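To start, the structure under review is shown below, and the notes come after it.
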2 protein chains.
Amino acid sequence: MKNRRQNVIDTAHKLFIEKGYQATSIQDILDGSGISKGTFYNYFPSKGELFIAIFRSFYKRIRHDREKLLEGQDSADIEIFIKQLELQMMGNKQSKLLILIEEVRVSNDEELKQFINQILLLSIRWMHGRFLDIFGEGNKPYLLDCVIIFHSMMTHMNHFNHRANAVTKPEIEIIRYCMNRIIQTVDEVAKSKEQILDPELIHTWFPQFENNLYPCHNNLLKATAELKTAIHTTFPCGEHRTRAIELVDFIQDELMQSDTPRRFLIESLLLSLKNHYSEQVQTYMENFEESINACLVQ
Amino acid sequence: MKNRRQNVIDTAHKLFIEKGYQATSIQDILDGSGISKGTFYNYFPSKGELFIAIFRSFYKRIRHDREKLLEGQDSADIEIFIKQLELQMMGNKQSKLLILIEEVRVSNDEELKQFINQILLLSIRWMHGRFLDIFGEGNKPYLLDCVIIFHSMMTHMNHFNHRANAVTKPEIEIIRYCMNRIIQTVDEVAKSKEQILDPELIHTWFPQFENNLYPCHNNLLKATAELKTAIHTTFPCGEHRTRAIELVDFIQDELMQSDTPRRFLIESLLLSLKNHYSEQVQTYMENFEESINACLVQ
DNA sequence: TTACATTTATACAAGCAGTATAATGAAAAT
DNA sequence: ATTTTCATTATACTGCTTGTATAAATGTAA
């Protein structure tokens, strides 16, 4: 049953938050979720894979919401970026994912370590893309440095802020503080032309141009975003447009959130989508369909 | 034998660097250093305490050298601070202590975690003291924020710099880059009066006013520094003064670097020190002697 | 009812940190 | 020269870990 598996994931997540990843034994999870060892290893090949499953089920939603905030907005608007960061911070706060990642990042499990490493790099890469939106291509040579500074600054200020149990400031204040600092820093390094890390490094970190939780999802994300933008610009605001966006969103969610996407659902929805909207946004629709198929064969 | 113990420490350090702390089993250390399990647990009560022993034998020297750089210099001079940072970075680079700390920081061993945590806080506190020297009391309300930013910036820029295997910049360049950034930042937050963390927090992190690898060492460090400054200002430059400084240094080293300081040596040296120099710097000498005794009873 | 898949209980292997103990050896005190 | 003392060794043991293997029990769909 799907439900039992999800129940194990939830129980394990709770235990990990309480006691930490390493300190939680598989026996604890067995006792907590009331299954036998055989069932556990039927669901997950290892403890590490269980962690990855937990991570996926949370992080994908955060990322999805984050992209939703950008939809049809000016990508250079700093306020949108701040909202995205706040969303991410809140998500991490309740799921304690960042704390768990810190622990797992240095564990014994080599596969797990690589997964986490990938996640951190993806985060850097996303931020770098947003910095490019905000600060413009002209500042590109200095933006990788700035992203790393910003990322570490946010992480640590947040960490110490939570440790200062007496008076913790709200997350948004930390974000604005760090944002103010980095705006100045970008300006400054661009003027003095100081550079430590070449932004081209990002490409060497992701050699095959695309990497993701699942590789095929990157194409899907891109195709979805483009299609949605096209729909936004092509159709007037109204029920018609909203319906299209909802359909596209649902298909993306089903493919990315579920471990076993329901093929019949997706194919049926795609068909009706094509019937109603294909003429005006044909090329985007074709890309969309292609990337869907790539996800389905996987 | 003292030698055998040190040999175990060195072997373990090498193994930890090669394979990591958790991945190195006690059996590995036994095989590597050619001792039996009984002897190991005779030397160290646990694997965690062995790590602490490794850490102490390295970190104390780094800290000692770091303070030596400041001796008789202007503490507000940024160049001295940069030299101190470079020294620390180099020491960490060869001993890989920072990497090991990252691993141990989230291990299962609660005692070990607390020790590492203490070390990180000590590092923050030291830096905060130096920032006060450099940027002045006037900027104090903003310096804890800035120290945390600076610390995390240095750590991460350094980390990604080493990962960029193609072209890694020399450490000193990272330091200067971060220094340039933080100078601007201090200026900026002082102007806009933005504060996240109250510097008074440092006192709550160290409730009993003093904490250290060994608590008594803090007093000793303070007493030594004051005595040396007094000697510097009281006696003219020359062999006489140099000899006094050497004596004081030797006593401090013997007390802090060795696990079993040789009492007869220290007492004899202290006596000759008192005979030759006591009149001019009496109060400092008395403090010095007092803190020595505190270390010896421990 | 039959056939198949999932689940369970249980025993097991190989590894870990740390404890306990009797035997060995070598220097130090008598 | 003999006895005492103490560090060291080899070895077995406890209790924990992740993960494997297997036969019996249970549920589920044809």
Side-chain angles (χ1 to χ4, degrees), chain A residues 1-13 15-16 18-55 100 103-116 259-260, chain B residues 1-13 15-16 18-55 100 103-116 259-260:
Chain A
M1 264 303 139
K2 189 90 189 252
N3 250 352
R4 276 166 72 82
R5 200 185 112 104
Q6 190 57 46
N7 178 41
V8 177
I9 290 183
D10 295 340
T11 308
H13 191 182
L15 287 171
F16 287 166
E18 277 170 30
K19 319 190 353 177
Y21 172 76
Q22 313 208 46
T24 303
S25 72
I26 289 182
Q27 193 57 52
D28 293 335
I29 299 167
L30 265 36
D31 296 343
S33 56
I35 58 163
S36 78
K37 199 172 236 189
T39 307
F40 179 90
Y41 280 103
N42 184 28
Y43 290 155
F44 313 100
S46 72
K47 196 183 167 187
E49 289 289 331
L50 165 62
F51 181 87
I52 292 179
I54 293 175
F55 188 88
L100 288 174
E103 186 181 347
V104 165
R105 202 161 65 84
V106 288
S107 77
N108 270 330
D109 189 331
E110 201 51 45
E111 267 187 67
L112 197 44
K113 268 162 71 174
Q114 254 178 290
F115 178 81
I116 296 300
D259 283 333
T260 52
Chain B
M1 266 301 139
K2 187 93 190 252
N3 250 353
R4 276 166 71 83
R5 201 185 112 105
Q6 189 58 45
N7 178 40
V8 177
I9 291 183
D10 295 340
T11 308
H13 190 183
L15 286 171
F16 287 165
E18 278 169 30
K19 317 187 358 175
Y21 172 76
Q22 312 206 46
T24 303
S25 72
I26 288 183
Q27 193 57 51
D28 293 335
I29 299 167
L30 266 35
D31 296 344
S33 55
I35 58 162
S36 78
K37 201 170 232 188
T39 307
F40 179 90
Y41 281 102
N42 185 26
Y43 290 156
F44 312 100
S46 71
K47 195 183 168 187
E49 289 289 330
L50 165 61
F51 182 87
I52 292 180
I54 293 176
F55 188 89
L100 287 174
E103 186 181 345
V104 165
R105 202 162 65 84
V106 289
S107 77
N108 269 331
D109 190 330
E110 202 51 45
E111 268 188 65
L112 197 45
K113 268 161 74 174
Q114 254 177 291
F115 178 81
I116 296 300
D259 284 334
T260 52

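Small disclaimer: the values here were computed from a predicted structure and weren't measured. Every chain is numbered from 1 and lettered A, B, ... according to where its sequence line falls, protein lines coming before strand lines.
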Problem set entry | A/D31 side chain reached by A/Q27 side chain, heavy atoms, under 4.5 Å | yes
Seminar exercise, completed: Heavy-atom nearest pair, B/L100 first then B/Y21, reads CD2-N, 4.2 Å
Seminar exercise, completed: Students should find that the end-to-end axis angle of the helix from C/dT1-D/dA30 to C/dT30-D/dA1, with five pairs defining each axis and rounding to 10 degrees, is 10°
Problem set entry | Nearest-Å distance for atom pair CG/C1', residues B/N108 and C/dC16 | 12 Å
Exercise. Which heavy atom in A/K113 sits nearest to a heavy atom in A/R105, and how many Å separate them?
Worked result: CG-O, 3.2 Å
For this session: Figure out the CG/P separation between B/D31 and D/dA10, and round it to whole Å.
Result: 11 Å
For this session: Write down the distance between CD (A/E111) and C1' (D/dT18), rounded to a whole number of angstrom.
Result: 15 Å
For this session: Please work out which of the three classes, parallel, tilted or perpendicular, describes the rings of A/F16 and A/F51, given edges at 30° and 60°.
Result: tilted
Problem set entry | Exercise: identify the closest heavy-atom pair between A/D109 and A/G48 | OD2-CA, 3.8 Å
Problem set entry | Length of the line joining B/E49:CD and C/dA17:P, which is rounded to integer Å | 15 Å
For this session: For D/dA7, take OP1 and OP2 only and decide whether either is under 4.0 Å from a side-chain N or O of B/T39.
Result: no
For this session: Check every atom of D/dT8, D/dT18, C/dT7 against the side chain of B/N42 and return the nucleotide holding the closest atom.
Result: D/dT8
Exercise. OP1 or OP2 of D/dT17 sitting under 4.0 Å from any side-chain N/O of A/S25?
Worked result: yes
Seminar exercise, completed: All heavy atoms of A/V8 vs all of A/S33, minimum pair found to be CG2-OG, 4.1 Å
For this session: Measure the distance from OH on A/Y43 to P on C/dA5 and round it to the nearest whole Å.
Result: 16 Å
For this session: Let me have a per-nucleotide readout for nucleotides 18-27 of chain C, 5' to 3', with B, S or -, counting only protein heavy atoms under 4.0 Å.
Result: BB--------
For this session: Quickly work out the B/L112 CG to C/dA17 P distance and round it to whole Å.
Result: 13 Å
For this session: Measure from CZ on A/F44 to P on D/dT18 and round the result to the nearest Å.
Result: 15 Å
For this session: For A/I9 and A/A53, work out which heavy atoms get closest and say how close.
Result: CD1-CB, 4.0 Å
Problem set entry | Between D/dC6 (P) and B/R4 (CZ): distance, integer Å | 18 Å
For this session: Count the heavy atoms belonging to other residues, nucleotides or ligands that lie under 6.0 Å from CD of A/E18, then report whether that count exceeds 12.
Result: yes
For this session: Specify the closest pair of heavy atoms between B/A23 and A/N108, including all atoms of both residues, with the distance to one decimal.
Result: N-OD1, 3.6 Å
